[in-house]
Amino acid sequence: MLTSSAEAGMSVPVRTPRWVSPRRMFEQKLSDLHRCTNLSHIKQVHAQILKASLHGDAHVAAKLVAAFSLCRHMALAVSVFDQIPEPTAHLYNILIRAYAQNSEASRAFATFLQMQRNGVFADNFTYPCLLRACCGQTSLSLVQMIHAHIEKFGFWADIFVPNSLIDTYCKCGSLGVRAARKLFDSMAVRDTVSWNTIITGLVKAGQLLEARQLFDEMPERDTISWNILLDGYAKAGEMNAAFELFGEMPRRNVVSWSTMISGYSEAGEMDMARVLFDKMPAKNLVPWTIIISGYAKKGMAKEASQLYDQMEKSGLVPDEGTVISILAASAESGLLRLGMKVHAWVERTKFKCSTLVTNALIDMYAKCGRLDDALSIFNLMTKKDIVSWNIMIQGLAMHGNGEKALHLFSRMEEEGFEPDGVTFIGVLCACTHAGLVDEGLDYFNYMERDFRIVPQVEHYGCVIDLLGRRGRLKEAFALVQRMPIEPNAIIWGTLLGACRIHNNTDVASEVVSHLIKLDTSDSGNFSLMSNIHATTGDWDGVANIRREMKNTRLQKPSGESSVELGNEVHKFTVFDTSHPESDGIYQMITTLGLELE
DNA sequence: CTAGGGTTAG
């Protein structure tokens, strides 16, 4: 796994010498150690280092710390670090970066402080390492503190320092992006990366116009610059602008093509996505993944499945990203067959041990209604994480097994897993399905009191649904009014749905007045209201709503159900008579209904 | 330090 630098660098092939001095061989091993991901090999080299009494050497220690960190073995990394009585700035930097990479931000900062206490001066490498640790959280004040530090000691000469500062600022919300722009404007020297980094920040913050302005001002654009803006337009659904930019690009690479295909797929324009896919010169796994997932999300099982086979035939081997993406897409539209095909392949590879892949499999089976399969994979899984539990709880809850879901929740606690905000969405959903209103309210209170999870708007939505479905509309309405977060259209819509079930026009009209204030474009709410008026015989009300829908040019798309038969997904709506054998189908439904009675 | 696909969420 470790290749010598001689092999890699020489243009003339060298015959392997008959004898290499052990010292020379050892040096070669050390020089590549920080890139090694094989833990047992590192341990072996570590033993050799101890034998050669090199464990006090700061340079050797730095290599080892980096290697152990790459294998996520921080305890070993720290034990090596602690062997060095007076660590150099370089060694401190390596340890800070190691903590940052293993998402232990507070330890990274503790190491930085320790470095200062020991009188070791930070250098230009220290700050990019430290800034990497900030990425997990979006603490603007922390980044400002580091900024002040850099200002004080002046490390601007190394362009890496301001560039990482811009990048980290951009990850701290909209205020951070403003700070990043200010810093960028004040820079005397900028390179392409500086420009690309600030433009990325603006694009991610949705400031497309400002991003475009800077892009136009850029002295030299590389392919990355073009791709950043292209992605901005694609993610915003502005495919016409993206297409125009794509046409103007002096050079395009796999990323440019993939970005376009992804944009068209997201926009539901699979034909356009396919045209570009067929046209693109050299494809790697990413465009294949995008196009297959795109078809799968749209329920186009035949196309997705055919392309999946073609991808394998072309000699490409799916990676973790491909597998997860296709499974998620299959879950979304219930493509059990495609999901099972991917599963069969996973079983033959190392991915069957991957937590991420297994989670995606469980979710796929659960969403396709195969709860038994989901459960058996879940129960056999050795490396469960919080997401595994959340998926399984949610899966059971959504399919009407509220009690089972709650039982799983208590098992989760017994096995020592700390629930998070998503867990409680599943739990509250389970209570709704099991009709356990008061238990649901208990869980809702308990999540903040015992787990310090502050309820988000989604949690309020669940509780309002819980109360509303049971007809406790007054309580639900009161909760909306006293919730600390601004109720959004989903909250009001949930409440309106409950009014519809219980034909409560009084609360409903109150809700509608709030909905209109929010100026939502969700046509579903209007048709809900019109249904309420219709059932209470208020035909004037119905007419008013219909008129309002017409005025705002809202059309309610009817809800579709789908069923997978053979290799096709069949979609149908309520009172659908489009099928050639529609009469026979309805006859059968009636017969089945009678049988059930 | 910068670009494309990636598990849970009414």
Side-chain angles (χ1 to χ4, degrees), chain A residues 127-129 131-132 135 158-168 170 191-201 203-204 222-232 234-235 252-263 265-266 283-294 318-329 331 354-364 366-367 385-395 397-398 420-426 428-429 432 456-466 488-491 493-495 497 522 524:
Chain A
Y127 294 102
C129 293
L131 284 163
R132 264 192 88 138
C135 288
D158 182 357
I159 195 83
F160 263 72
V161 175
N163 285 356
S164 354
L165 200 48
I166 292 175
D167 180 46
T168 314
C170 285
D191 67 357
T192 312
V193 177
S194 324
W195 286 90
N196 287 348
T197 308
I198 185 69
I199 294 175
T200 302
V203 162
K204 295 257 147 72
D222 61 5
T223 310
I224 296 181
S225 325
W226 288 86
N227 287 344
I228 292 165
L229 206 61
L230 204 60
D231 187 51
K235 292 262 154 69
R252 302 176 193 97
N253 61 15
V254 196
V255 179
S256 328
W257 288 90
S258 304
T259 305
M260 290 301 289
I261 297 168
S262 168
S265 293
E266 285 296 313
K283 305 176 186 62
N284 62 14
L285 274 176
V286 177
W288 281 98
T289 305
I290 295 169
I291 194 98
I292 295 169
S293 309
D319 66 2
E320 208 174 34
T322 304
V323 169
I324 293 169
S325 180
I326 300 176
L327 284 173
S354 151
T355 301
L356 291 165
V357 170
T358 312
N359 286 347
L361 274 171
I362 296 170
D363 189 45
M364 184 276 295
K367 293 233 169 84
D385 66 3
I386 177 80
V387 177
S388 325
W389 290 94
N390 289 351
I391 289 169
M392 204 58 246
I393 291 171
Q394 182 74 32
M398 277 195 319
D420 66 5
V422 181
T423 315
F424 279 97
I425 291 179
L428 293 171
C429 177
T432 305
Q456 301 297 304
V457 71
E458 291 88 350
H459 298 105
Y460 282 97
C462 290
V463 178
I464 288 152
D465 196 31
L466 180 75
N488 59 18
I490 296 171
I491 294 285
T494 305
L495 195 52
D522 183 3

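Throughout, protein chains are lettered first and strands after them, A, B, ... in sequence-line order, and every chain is numbered starting at 1.
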Using a heavy-atom cut-off of 4.0 Å across all strands, would you classify A/Val161 as base, sugar-phosphate, or nothing? nothing
Classify A/Asp420 by what it touches in the nucleic acid, base, sugar-phosphate, or nothing, heavy-atom distance under 4.0 Å. nothing
Residues two or more places apart in sequence or in another chain: which of them pass ring pair (Phe, Tyr, Trp, His ring centres under 6.0 Å) with A/Trp389? A/Phe378, A/Phe417
Counting the atoms with a prime plus P, OP1 and OP2 as sugar-phosphate, which does A/Lys235 contact under 4.0 Å by heavy atoms, base, sugar-phosphate, or nothing? sugar-phosphate
For A/Pro162, which contact category applies under a 4.0 Å heavy-atom criterion: base, sugar-phosphate, or nothing? nothing
Heavy atoms only, 4.0 Å cut-off, all strands: where does A/Ser293 land among base, sugar-phosphate and nothing? nothing
Please list every donor-acceptor pair under 3.5 Å in which a side-chain atom of residues 285-293 of chain A meets a protein atom from a residue at least two apart or in another chain.
{"unit_1": "A/Thr289", "atom_1": "OG1", "unit_2": "A/Leu285", "atom_2": "O", "d": "2.7"}
{"unit_1": "A/Thr289", "atom_1": "OG1", "unit_2": "A/Thr322", "atom_2": "OG1", "d": "3.0"}
{"unit_1": "A/Ser293", "atom_1": "OG", "unit_2": "A/Thr289", "atom_2": "O", "d": "2.7"}
{"unit_1": "A/Ser293", "atom_1": "OG", "unit_2": "A/Ser325", "atom_2": "OG", "d": "2.9"}

Under the rule for ring pair (Phe, Tyr, Trp, His ring centres under 6.0 Å), what residues qualify as partners of A/Phe424, not counting sequence neighbours? A/Phe409, A/Phe451
What nucleic acid atoms does A/Glu320 come within less than 4.0 Å of, heavy atoms only: base, sugar-phosphate, or nothing? base
Going by side chain to side chain contact (heavy atoms under 4.5 Å, CB included), name the residues that satisfy it together with A/Ser256, two or more places apart in sequence or in a different chain. A/Thr223, A/Asn227, A/Leu230, A/Phe246, A/Met249, A/Arg252, A/Asn253
Under 4.0 Å between any heavy atoms, over every strand shown, what does A/Leu356 touch: base, sugar-phosphate, or nothing? Just pick one. base
Pick base, sugar-phosphate or nothing for A/Asp191, based on heavy-atom distances below 4.0 Å to the nucleic acid. nothing
Using chain A heavy atoms and a threshold of under 4.0 Å, write down where along DNA chain B the contacts begin and end, 5' to 3'. B/dC1 to B/dG10
Checking all strands, does A/Asp231 fall into the base, sugar-phosphate, or nothing category for heavy-atom contacts under 4.0 angstrom? sugar-phosphate
Counting the atoms with a prime plus P, OP1 and OP2 as sugar-phosphate, which does A/Asp319 contact under 4.0 Å by heavy atoms, base, sugar-phosphate, or nothing? base
Do you know the tightest heavy-atom contact between A/Ile393 and A/Gly426? CG2-C, 4.0 Å
Partner set under side-chain hydrogen bond (donor to acceptor under 3.5 Å, both in side chains) for A/Ser194, not counting sequence neighbours: A/Asn163, A/Asp191
